[in-house]
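The structure appears right after this line, and notes come after that.
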Amino acid sequence: MFPAITLYSESMDSGQATYNYRYDANLAEEIELKWQARWEQAGTYHAPNPSGSLADSTGRIDLPKLFIMDMFPYPSGTGLHVGHPLGFIGTDVYARFKRMSGYNVLHTMGYDAFGLPAEEHARQTGQHPRENTDANINNMRKQLKRLGLGHDPRRSISTTDLDYYKWTQWIFLQLFNSWYDSELNQARPIKELETKLENGSITLKENISWAACSDQRKKEIINSFRLAYLAEAPVNWCPALGTVLANEEVTVDGRSERGNHPVYRRPLKQWMMRITAYADRLLEDLESLDWTEAIKSMQRNWIGKSEGAVINFTAEDSTVPVFTTRPDTIFGATYLVLAPEHPLVDSLYQTDWPEDVDSRWTGGYKNPPSAIEAYRIQSNQKSDLDRQENKDKTGVFLGSYAKVPVTGEEIPIFISDYVLMGYGTGAIMAVPGQDERDWEFAEVFGLDIIRTVQPPTDWDGKAYVGDGPAINSDFLDGLPIKEAKRAIIQWLEDNSGGRRQTSYKLRDWLFSRQRYWGEPFPIVYDKDGLPNAVPEEVLPVELPELIDWAPRSLDENSDPEPPLGRAEGWTTTTLDLGNGPQEYIRELNTMPQWAGSCWYYLRYLDPLNSEEFVSEDIEKYWMSGETGGVDLYVGGVEHAVLHLLYSRFWHKVLFDLGYVTTPEPFQRLFNQGYIQAAAYQDERGMYVEAVDVSKVEKKFFYQEKEVQRSFGKMGKSLKNSVTPDEMYEEYGADTLRLYEMFMGPLDQDRPWETKSVIGSQRLIQRVWRNLVNEETGELTITDSEPEESLNRLLHQTIDSVSNDMNNLRFNTAIARITELNNEITKLESPTPRSIAEPLVLLLAPLTPHIAEELWEKLGYENSVVYARFPTPDKKLLIEDEAEIPIQVNGKVKSKIKIDSNATDETLREVALADEKIKSLLALNEPKKVIVVSGKLVNIVI
RNA sequence: GCCCGGGUGGCGGAAUCGGCAGACGCGGGGGAUUCAAAAUCCCUUUCCCUUCGGGGAGUGCGGGUUCAAGUCCCGCCCCGGGCACCA
């Protein structure tokens with residue numbers, strides 16, 4: 001009836017050992033919970049600040065500092081799977097290693113909790129986003145705590161905390177109250193602009209006189225300079241989500257990244273961030289950062305700087321500026337192309353076609369106006385996806401001609417959707433000889449093609465984009481591209497035909513969202529409809545409680561409708577902005593999710609400060625460094641552009657205004673890989689639960705039917721999630737940590753294999769068994785000294801593990817520890833204390849719980865967290881006897897053991913005297929003998 | 001098309017400086033222990049051939065440099081990611 005008990009007593013009777021203290025999942029859990037509770041109680045991971053409420057008397061503040069950070073997560077409702085914490089474990093191991101190496105380490109974790117998913121969830125469940133968000137955060141905190149991550153819990157923030165978003169709003173106000181002084185090349189307070197306008201040291205464009213402007217006009221002009229400004233701009237309107245989206249949030253095929261809904265372009269008045277003012281600095285400062293080349297090149301690509309010229313073509317009574325990176329090819333310009341929506345089109349077209357018009361140019365319409373109208377409709381309806389897939393050149397002739405500045409020649413003007421309004425000037429000079437797209441268009445429309453760069457003699461292609469001497473180009477003839485560019489730009493500038501110009505792909509950052517669950521803007525509108533900053537004392541502008549917070553799902557033609565507009569009693573407020581209490585209308589949009597993640601690393605430093613977003617000396621302490629900023633920032637590659645670019649931008653603004661001391665926020669960036677897992681599809685292509693799939697021979701079966709295996713990111717949609725909880729249940733947190741670190745290098749994607757986790761548990765189990773009696777739980781170590789060979793191995797292990805940990809190569813660090821432990825396992829006698837103690841210390845960063853437990857058993861009262869990581873005895877790193885391979889013609893044929901200090905000459909002699917080598921050489925004299933000191937001998941015959 | 005990564009046993013990976021390819025782990029095979037099994041411990045495990053001494057091949061493919069190449073050079077192929085009519 002009670003088989004478990006019966007069996008137990010049976011084994012007792014038969015005198016079998018009972019391993020009550022074997023390291024298994026139960027014991028692991030007992031140990032892990034015990035230490036997690038102790039750490040929390042003792043505040044083990046509290047990192048002291050130099051001042052303020054987080055200062056302490058541990059003395060750690062005098063150590064060199066290290067700021068280690070993870071990209072903070074969105075607290076999702078579905079909980080974690082084993083793929084999520086990979087990076088968190090990596091930073092934790094590194095942070096622990098550095099703590100043990102004598103650093104004051106700041107490591108904590110926050111939550112990026114505003115954003116769409118909480119609202120989507122709220123819409124589905126009727127639960128307020130805040131409740132749902134808080135519940136998710138609590139759940140995630142619990143899950144992460146169970147992993148034994150050494151975070152300073154006092155510094156954990158959520159972007160949705162009132163105390164936090166108050167300062168997000170405050171930073172917004174700094175942007176609102178600043179402008180970019182291009183002479184100083186930095187952001188300055190807007191007051192300085194006013195002074196400069198007053199005293200005339202800055203003059204306005206188009207000869208507008210500042211003095212003659214009305215107060216209202218002055219305000220408008222000032223507003224147009226702000227780093228946060230309102231602009232009527234074409235936006236990405238997503239009716240299904242009920243919000244506009246940033247360019248970065250729209251996929252290449254014109255759909256929302258979240259939800260894959262259609263997105264439409266339409267003009268709307270929106271908050272913008274003048275990130276373009278920082279384009280050059282964002283580009284140049286990449287050089288100094290310790291980031292991967294891949295991320296840097298993605299940022300460079302996104303900023304998209306290209307140098308060239310704007311050339312003015314004249315047509316009718318207008319000037320058509322075109323941007324080109326190849327002004328040297330101007331003599332080959334045979335037509336102009338404008339984007340279909342280019343504003344100049346309306347003043348350039350003729351009412352009738354010229355008499356001899358080419359029928360290909362008219363689109364079959366009877367006159368230019370009708371052709372243009374039809375073409376605009378056609379290209380408007382084309383989705384971006386169509387544009388991409390179907391690159392056939394289309395367009396229509398405007399009926400008019402433009403004059404090429406340098407030749408005076410008349411060339412036809414077209415509109416075509418291969419020219420984009422959003423880049424350069426929205427107009428190009430087409431040079432088919434040197435541009436593949438122009439060549440295609442010229443072929444379709446029968447336009448002239450003039451080569452202006454001599455292609456190589458064996459060139460049989462079409463447009464030639466390589467270098468070569470200029471031809472057919474008058475005074476440029478014979479010059480290589482670079483010099484020809486310089487010469488023509490000089491000519492253009494001398495003859496008012498154009499000027500040097502740099503163009504960027506980077507656009508200003510659209511900052512408004514028509515959403516509830518985001519930071520409200522600290523902005524109110526006066527009766528003239530102009531925006532005003534809410535005074536700092538009044539911050540935070542708190543989100544109103546709303547019953548109906550869901551965005552309306554709307555159709556293509558409707559206007560975005562911010563949910564905050566429904567907050568009765570909130571949409572207006574009475575403030576005194578210097579001219580007595582007045583009623584103002586609040587800004588109803590909210591900030592995008594990126595806002596909160598732009599500066600959270602600064603709040604970690606000084607989370608309880610109610611006077612400032614971060615205090616000066618604390619910021620200086622934690623952010624200083626060789627080039628400054630967070631010392632190690634680990635996260636996924638998916639934030640390569642958006643978050644990392646926005647954050648760098650805000651940081652530079654704060655730097656310009658003197659609030660932070662470093663020009664960059666993140667000195668070293670490391671991208672962790674993803675954990676993938678096998679996923680299985682049945683014959684309909686549906687994913688089936690991966691846990692229920694079994695392998696027979698080399699095939700996979702689910703409910704007796706064969707299924708196909710593939711690999712993908714772990715998650716709900718592929719039905720291949722494995723949760724940390726399952727791993728705790730079966731192995732414990734230390735094993736999970738160890739396995740995740742052992743699977744491969746941190747920056748690499750790797751497939752999860754639950755069956756392999758056992759290997760990591762075995763390591764801990766063997767270490768435990770080497771130090772502790774499994775029946776009694778007593779220490780089994782001895783105070784006698786180890787064999788010299790074991791001692792050598794220990795010190796070699798310490799040396800390589802230290803190196804590996806410094807370089808985040810935890811997988812090889814674990815391999816070295818395993819080797820050491822395998823040797824200990826082979827000992828006939830108990831483990832010497834002088835080996836056991838460093839072994840525990842080597843493991844402590846990786847498996848902190850078991851290390852604490854063993855450290856305590858070894859008789860230490862203080863936590864292993866602050867024990868010193870062992871350092872190798874240099875003398876023991878050098879073997880006195882080395883095994884030297886001897887090669888014949890580059891292949892290993894023999895090995896000799898020899899004093900490691902042996903001279904090259906001795907090495908050579910001993911190698912040649914080796915029996916095996918002698919027999920291989922027979923009577924031949926070796927042609928050559930190469931001796932690599934202390935490493936190898938190669939004999940050439 | 002352009003720009004980044006990457007390709008090593010059955011699997012994850014190691015070899016980061018041009019110097020013993022396959023560390024370490026999973027899986028497999030064999031043995032010890034056990035009534036038996038699990039667990040544990042030991043041996044073995046790149047492939048092919050072998051008279052069991054050993055011999056040969058081998059890091060995506062084809063060339064090259066070198067005494068020596070996974071590593072460097074040239075030309076390809078494949079996989080993953082990013083960008084893409086950006087003038």
Side-chain angles (χ1 to χ4, degrees), chain A residues 14 16-17 19 22 24 252 292-298 300-302 304-306 308 322-327 329 337 387-388 390-393 416-420 422-431 434-438 440-441 503-506 637-638 640-641 671 698 738-739 742-745 747-760 762-763 765-766 769 774 800 803-804 807 809 811-819 821-822 825-826 883-895 926-941:
Chain A
S14 64
Q16 238 187 357
Y19 299 116
R22 169 161 289 179
D24 58 13
V252 282
T292 59
E293 209 37 51
I295 301 281
K296 286 188 185 183
S297 80
M298 280 160 79
R300 283 192 200 106
N301 203 334
W302 190 263
K305 180 178 185 171
S306 41
V322 307
F323 175 73
T324 176
T325 54
R326 294 293 304 277
T329 62
V337 187
R387 280 200 186 197
Q388 234 182 87
N390 186 0
K391 287 185 180 170
D392 293 344
K393 296 291 176 287
S416 172
D417 58 12
Y418 84 93
V419 173
L420 310 171
Y423 183 76
T425 60
I428 62 156
M429 66 174 197
V431 187
Q434 270 73 232
D435 186 287
E436 280 156 17
R437 299 151 301 179
D438 295 346
E440 277 175 42
F441 190 88
S503 193
Y504 299 89
K505 279 199 252 178
L506 183 69
V637 70
E638 72 274 17
V641 181
N671 296 110
K698 281 180 177 172
L738 196 60
Y739 174 64
F742 183 63
M743 289 166 82
D747 56 357
Q748 207 169 295
D749 292 349
R750 69 290 297 275
W752 177 268
E753 257 192 352
T754 298
K755 72 169 190 198
S756 294
V757 178
I758 187 72
S760 296
R762 279 183 198 146
L763 171 61
Q765 217 168 48
R766 285 175 192 152
R769 195 181 296 126
E774 291 187 313
S800 31
N803 280 331
D804 288 346
N807 294 307
R809 281 155 34 196
N811 55 330
T812 48
I814 295 166
R816 296 290 86 81
I817 295 172
T818 309
E819 280 174 312
N821 190 56
N822 285 348
T825 306
K826 285 181 196 151
E883 195 186 47
I884 305 286
I886 303 164
Q887 300 180 330
V888 173
N889 287 344
K891 294 200 170 163
V892 180
K893 293 292 173 185
S894 182
K895 286 180 184 183
K927 277 192 199 140
K928 202 173 174 185
V929 179
I930 291 120
V931 179
V932 184
S933 299
K935 272 196 172 159
L936 151 154
V937 179
N938 188 14
I939 298 160
V940 188
I941 55 171

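We name chains A, B, ... by the order of the sequence lines, and we start the count at 1 in each one.
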With rounding to the closest Å, how many angstrom separate the P atoms on B/rC76 and B/rC67?
28 Å
May I ask you to test the A/Asn671-A/Asp747 pair for a side-chain heavy-atom distance under 4.5 Å?
no
Under 30°, 30 to 60°, or over 60°: which ring-plane class applies to A/Tyr423 and A/Phe323, parallel, tilted or perpendicular?
perpendicular
Tell me if B/rC17 is syn or anti. Syn = glycosidic torsion within 90° of 0, anti otherwise.
syn
All N/O pairs under 3.5 Å across the protein-nucleotides 64-68 of chain B interface:
residue: B/rC67; atom: O2'; partner: A/Asn938; partner atom: ND2; Å: 3.2
residue: B/rC67; atom: O2; partner: A/Asn938; partner atom: ND2; Å: 2.6

Watson-Crick or G-U wobble mate for B/rU40, both contacts under 3.5 Å:
B/rA32
Using the side-chain heavy atoms of A/Ser306, tell me which of these nucleotides is nearest: B/rC4, B/rA87, B/rA23.
B/rA87
A/Glu819: side chain to side chain donor-acceptor pair (under 3.5 Å) partners, not counting sequence neighbours
A/Arg816
What is the pairing partner of B/rC72, taking Watson-Crick or G-U wobble pairs with both distances under 3.5 Å in any strand?
B/rG64
Since syn is defined as within 90° of 0, does B/rG9 count as syn or as anti?
syn
Using atom CE of A/Met298 as one end and atom C1' of B/rG81 as the other, report the distance to the nearest whole Å.
8 Å
Please figure out whether A/Ile295 or A/Asn301 has its closest RNA chain B nucleotide nearer the 5' end.
A/Ile295
Using atom C1' in both nucleotides, what's the gap between B/rC3 and B/rA84 to the nearest angstrom?
11 Å
Got a sec, which residues hit side chain to side chain contact (heavy atoms under 4.5 Å, CB included) with A/Arg750, two or more places apart in sequence or on another chain?
A/Leu86, A/Ile675, A/Met743
In whole angstroms, how far is the P atom of B/rA23 from the CG atom of A/Asn811?
14 Å
Using whole Å, report how far CG of A/Asn807 lies from P of B/rA14.
13 Å
Rounding to an integer number of angstrom, what distance separates B/rA15 and B/rU71 when you compare their P atoms?
15 Å
Counting distance alone, no hydrogens or angles: does the base of B/rC85 have a donor or acceptor under 3.5 Å from a partner atom on the side chain of A/Lys393?
yes
Expected rows: protein N/O vs nucleotides 54-57 of chain B N/O, under 3.5 Å:
residue: B/rA57; atom: OP2; partner: A/Lys891; partner atom: NZ; Å: 3.1

Restricting to salt bridge (Lys or Arg N to Asp or Glu O under 4.0 Å), what partner residues turn up for A/Lys305, sequence neighbours left out?
A/Asp280
Would you give me the side-chain donor-acceptor pairs under 3.5 Å for residues 930-937 of chain A, sequence neighbours excluded?
residue: A/Ser933; atom: OG; partner: A/Asp904; partner atom: OD1; Å: 2.9
residue: A/Ser933; atom: OG; partner: A/Asp904; partner atom: OD2; Å: 3.0

Using a heavy-atom cut-off of 4.0 Å across all strands, would you classify A/Gln765 as base, sugar-phosphate, or nothing?
sugar-phosphate
Atom pair CD/CZ of A/Glu774 and A/Arg769 - distance to nearest 0.5 Å:
4.5 Å
Taking only the P atom of each, what is the distance from B/rG25 to B/rU45 in whole angstrom?
14 Å
With both distances under 3.5 angstrom, what nucleotide forms a Watson-Crick or G-U wobble pair with B/rA57?
B/rU46
What is the distance, to the nearest angstrom, from the CD1 atom on A/Ile428 to the C1' atom on B/rC85?
9 Å
Restricting to side chain to side chain contact (heavy atoms under 4.5 Å, CB included), what partner residues turn up for A/Asn821, sequence neighbours left out?
A/Leu763, A/Arg766, A/Val767, A/Asn770, A/Ile824, A/Thr825, A/Leu839
Of the listed nucleotides (B/rG12, B/rC83, B/rC20), which one gets closest to any side-chain atom of A/Met743?
B/rG12
Checking N1-N3 plus N6-O4 or O6-N4 for Watson-Crick, or N1-O2 and O6-N3 for wobble, each under 3.5 Å, the partner of B/rG5 is B/rC79
Rounded to the nearest Å, what distance is computed from the NZ atom of residue A/Lys296 to the C1' atom of nucleotide B/rG82?
17 Å
Separation of A/Gln748 atom CD from B/rG13 atom C1', in whole Å?
8 Å
With respect to the phosphate group of B/rC41, does any side-chain polar atom (N or O) of A/Arg769 fall under 4.0 Å of OP1 or OP2?
yes
Expressed in whole Å, how much space separates the C1' atoms belonging to B/rU46 and B/rG28?
14 Å
For the P atoms, the ones on B/rC73 and on B/rC17, what distance do you get once it is rounded to whole angstrom?
13 Å
Go through the structure and list residues passing side chain to side chain donor-acceptor pair (under 3.5 Å) with A/Asn807, not counting sequence neighbours.
none
Using purine N1 to pyrimidine N3 plus N6-O4 or O6-N4 for Watson-Crick, or N1-O2 and O6-N3 for G-U wobble, each under 3.5 Å, what pairs with B/rG25?
B/rC11
Tell me: NZ of A/Lys505 to P of B/rC83, nearest whole Å?
10 Å
Side chain to side chain contact (heavy atoms under 4.5 Å, CB included) filter on A/Asn889, not counting sequence neighbours, yields A/Val940, A/Ile941
Under 3.5 Å donor-acceptor pairs involving side-chain atoms of residues 751-759 of chain A, not counting sequence neighbours:
residue: A/Trp752; atom: NE1; partner: A/Thr754; partner atom: OG1; Å: 2.7
residue: A/Glu753; atom: OE1; partner: A/Ser756; partner atom: OG; Å: 2.9

Taking the side chain as C-beta and beyond, is there a heavy-atom pair between A/Lys928 and A/Asn938 under 4.5 Å?
no
Report the nucleotide, chosen from B/rC24, B/rG12, B/rA87, that has the shortest atom-to-atom distance to any side-chain atom of A/Pro751.
B/rG12
5' priority, RNA chain B, between A/Asp804 and A/Val932 [closest heavy atom]:
A/Asp804
Determine if the base of B/rG53 is syn or anti; take syn to mean the glycosidic torsion is within 90° of 0.
syn
If the C1' atom of B/rA57 is compared with that of B/rG70, how far apart are they to the nearest Å?
16 Å
At less than 3.5 Å, do the side-chain atoms of A/Lys895 and the base atoms of B/rC20 form a donor-acceptor pair?
yes
Tabulated below should be each protein N or O lying under 3.5 Å from an N or O of nucleotides 25-33 of chain B; please produce it.
residue: B/rG25; atom: OP1; partner: A/Asn822; partner atom: ND2; Å: 3.2
residue: B/rC26; atom: OP1; partner: A/Arg762; partner atom: NH1; Å: 2.4
residue: B/rC26; atom: O2'; partner: A/Ser756; partner atom: OG; Å: 3.0

Roughly how many Å is it from CG in A/Asn821 to C1' in B/rA23, rounded to a whole number?
16 Å
Test item: A/Arg300 and A/Glu293 side chains (from C-beta on) under 4.5 Å apart, heavy atoms
yes
Does A/Thr329 reach the side chain of A/Asp435, with side-chain heavy atoms less than 4.5 Å apart?
no
When you compare B/rC47 with B/rA23, how far apart are their P atoms, in angstrom units rounded to a whole number?
12 Å
Residues which pass side chain to side chain donor-acceptor pair (under 3.5 Å) with A/Lys893, listed by chain and number, not counting sequence neighbours:
none
